[in-house]
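Report on the structure given below.
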Amino acid sequence: GATESSGRHTEERFDTSVDLQLHDTANMRVAVYVLCAVLAFACAEAWLNRSVRRGVQFGRQAAQGAGDMYRAYRDMRQANWRNSDKYFHARGNYDAAQRGPGGRWAA
């Protein structure tokens, strides 16, 4: 408090409502930023998981499609039949393409 010339103490009143409003607004802003960041990370994680899963699936399909192509080649060699290469090549491509996008890529 302040001291008057007569020695009596008077109470000074401060307007704290403006400080509290600014403080509450700042807290609310921080809370909104944190919530947005959490949602962004959650969405990014879900997207990343889907992307990784798709990449693994594509790789698996491509490997299986390559196996289909090799199996057709091996069968062609075992058949040892003249001018049969187009049939076995088409069969290998068809089998690989049935695996999905990775298999189509391999074919």
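Residue indices begin at 1 and follow the sequence shown.
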*With Val34 via side chain to side chain contact (heavy atoms under 4.5 Å, CB included) - residues at least two apart*: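 Val34 satisfies side chain to side chain contact (heavy atoms under 4.5 Å, CB included) with Val30, Val38 only.
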*List the atom of Ala106, the atom of Gly65, and the distance in Å for their closest heavy-atom pair.*
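Looking at all heavy atoms of both residues, the closest pair is CB-C, 4.2 Å.
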*Least distance between heavy atoms, Ala107 atom then Ala97 atom*: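 Looking at all heavy atoms of both residues, the closest pair is CB-N, 4.5 Å.
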*Within one Ile-Leu-Val-Met-Phe-Trp-Tyr cluster: Val56 and Phe58, side-chain cutoff 4.5 Å*: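 No, Val56 and Phe58 fall in different hydrophobic clusters.
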At what distance, to the nearest 0.5 angstrom, does [atom1] of [X] lie from [atom2] of [Y]?
X: Asp85; Y: Met76; atom1: CG; atom2: CE; answer: 6.0 Å
X: Gln61; Y: Asp68; atom1: CD; atom2: CG; answer: 11.5 Å
X: Arg99; Y: Trp105; atom1: CZ; atom2: CH2; answer: 15.5 Å

*Evaluate the side-chain proximity of Trp81 to Tyr87: yes if any heavy-atom separation is below 4.5 Å, no if none is.*
no
*Short N-O contact, Arg91 and Asp75, less than 4.0 angstrom*: yes
*Could you walk me through whether Asp95 and Arg71 pass salt bridge (Lys or Arg N to Asp or Glu O under 4.0 Å), step by step?*
CA-CA 10 Å; Asp95 291 344; Arg71 188 169 32 269; 5.7 Å; no
